[in-house]
Amino acid sequence: MTTQETQSKHARQFGLPVATALVMGNIIGGGIFLLPASVAPFGTISLVAFAVLTAGAIALALVFGRLAERHPQTGGPYVYAREAFGDFAGFLAAWSYWITTWVSNAALAVAAVGYLDVLIPVHESKATTITAALLLQWLPALANLAGTRYVGAVQLVATVLKFAPLLLVAVGGLFFFDPANLGPFQTGGQSGLGAISASAAILLFSYLGVESAAVSAGEVRDPRRNVGRATILGTMGAAVIYLLGTLSVFGTVPHDKLVGSTAPFTDAVNSMFGGTWGGTAVALAALVSMVGALNGWTLLSAQTPYAAAKDGLFPQVFGKKKRGVPTVGVLVTAVLASLLTVYNYTAGSKGVFEILVLVTTFTATVPYLLSTAAQIYFLASGQGERVHRPRLIRDAVLAVLAFGFSMWLVAGSGYEAVYQGVLFLFAGVLVYAWMAARKQHAQEKSAV
């Protein structure tokens, strides 16, 4: 069997269903299982914050769809930023997005262990806990190394399996809805706008992942058509699940109990059907959800460095593919996430780890801001080949809204997260200086 035949056997482009599942799976990780309790202290006004976030996320998704139609290459935000503003902006988009993916993977694995403990006791010893967290990271990594054919299969199955119990609560909960459980519309002494902003700050991380199909555009079949559709369908599907799920939990679990809940969906199922079997079912759903998110994020973690490496802005080893997957990017991401996970458990650095998780909200918005700014640049500079002229006004409004949404994400990250995130970005400047110098030297050498 030739190398090309082996590649085609294990590498398979994603169709619209798998690309949509990739977007939905990456947006809906494990946060949905905790969000209702996290925002309950603000009252039902937090649902307004959710609606505002949803509108912003959809605007961002529409912008990514437009950009992908004109630039259907692997790399997404990196490609758009570099095309509009040059190598340095492209590198910043790639670098910040790469940080987001591997830190998020560590966070997802640690959170997943908590749900795994409900099914199989793993918290009895630190060694067992660490082993379980690493296993949850490396199983998706191995699926990625096996080829894009298997990545797509795992993502589709994980998305279907995790949505079954989520839909049970999101839709079934409406039949058990009791307005008396909602509690006050607003709690605390802050203004309505302050309450919306405060609850939105907690919900910010929930929509990271809208760019998933754009980042993997090179692996999507007919990307000019399917990337935009998958982005919109995936984001709207996730939004429906988020909004209905949160509303159903609010209406089935008494407010005073929900405020102190550590498993709100479990409490909702128990309230709907009685008994305690809901805890096991929800734990299993959360575990499947996070493994699916890990699978998708692992793929994305390798795609952006791959695109940057092809342009000489990341080490060349990141630019090699096997079975349709940038294997070095997958391995390096898995190793870094594993080291961070081990550090979290052994050093007892809960506060540090939480800060790093918040940093991902900031680092993810850097490529969002650059992408929306790139769209505004294309529109304002009159680059007709990149702009849908009949939809010029609509595209401009969407780009401005998406840019404003991205700025809100940065503000909601908090001062400490922004401070830490900027340090991460500045560390990347040194890497860029080295890679840019090597690229310039290579060009001069080839010109001789």
Side-chain angles (χ1 to χ4, degrees), residues 3-4 7 10-11 13-14 22 67-68 71-105 140-141 144-148 151 211-220 223 227 296-339 363-364 366-367 370-371 374 424-447:
T3 302
Q4 186 173 359
Q7 292 276 8
H10 297 284
Q13 287 191 309
F14 304 148
L22 183 67
L67 288 167
H71 301 280
Q73 300 96 0
T74 293
Y78 159 75
V79 174
Y80 315 143
R82 182 173 181 267
E83 183 69 22
F85 309 119
D87 285 352
F88 185 61
F91 173 82
L92 285 181
W95 179 260
S96 58
Y97 194 78
W98 185 54
I99 293 171
T100 301
T101 55
W102 62 264
V103 176
S104 294
N105 277 8
N144 274 264
L145 293 173
T148 52
V151 176
E211 73 292 338
S212 302
V215 173
S216 297
E219 280 65 52
V220 176
V227 167
W297 278 108
T298 300
L299 175 65
L300 297 187
S301 70
Q303 300 289 26
T304 301
Y306 166 80
K310 301 302 286 186
D311 294 323
L313 298 179
F314 249 66
Q316 288 303 307
V317 69
F318 284 88
K320 298 178 181 178
K321 279 188 175 183
K322 290 183 179 180
R323 295 176 288 277
V325 174
T327 52
V328 171
V330 170
L331 287 171
V332 171
T333 294
V335 169
L336 288 173
S338 297
L339 291 174
T363 55
V366 173
L370 289 171
S371 296
F424 271 108
L425 288 180
F426 283 176
V429 173
L430 182 62
V431 177
Y432 174 79
W434 173 258
M435 296 306 305
R438 291 191 60 183
K439 182 180 179 181
Q440 180 66 27
H441 178 70
Q443 290 175 346
E444 292 175 352
K445 191 175 180 179
S446 62

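No hydrogens, no waters, no symmetry mates; every other heavy atom, side chains included, goes into these values.
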**Item:** Minimum side-chain heavy-atom gap Tyr97-Thr101 below 4.5 Å
**Value:** yes

**Item:** Contacts of type side chain to side chain contact (heavy atoms under 4.5 Å, CB included), residue Gln316, not counting sequence neighbours
**Value:** none

In a table with atom names and distances, give each donor-acceptor pair under 3.5 Å that connects a side chain of residues 87-95 to protein atoms at least two apart or in another chain.
| residue | atom | partner | partner atom | Å |
| --- | --- | --- | --- | --- |
| Asp87 | OD1 | Arg82 | NE | 2.8 |
| Asp87 | OD1 | Arg82 | NH2 | 3.4 |
| Asp87 | OD2 | Lys439 | NZ | 3.0 |
| Trp95 | NE1 | Phe424 | O | 2.9 |

**Item:** Residues which pass side chain to side chain contact (heavy atoms under 4.5 Å, CB included) with Leu339, listed by chain and number, not counting sequence neighbours
**Value:** Val335

**Item:** Closest heavy-atom pair and its distance - Leu313, Tyr432
**Value:** CD2-CE1, 4.0 Å

**Fill in**
On a heavy-atom basis, the closest approach of Ala141 and Thr298 is CA-CG2, 4.1 Å

**Item:** Residues which pass side chain to side chain contact (heavy atoms under 4.5 Å, CB included) with Pro326, listed by chain and number, not counting sequence neighbours
**Value:** Ala302, Gln303, Tyr306, Lys321

**Asked** Please, which pairs that meet salt bridge (charged side-chain N to carboxylate O under 4.0 Å, His left out) have at least one residue in residues 298-310, sequence neighbours excluded?
**Response** none

**Which atom of Leu425 lies closest to which atom of Ser96, heavy atoms considered** = CD2-CB, 3.6 Å

**Those residues that, when tested against Thr333, pass side-chain hydrogen bond (donor to acceptor under 3.5 Å, both in side chains) (two or more places apart)** = Trp98, Ser301

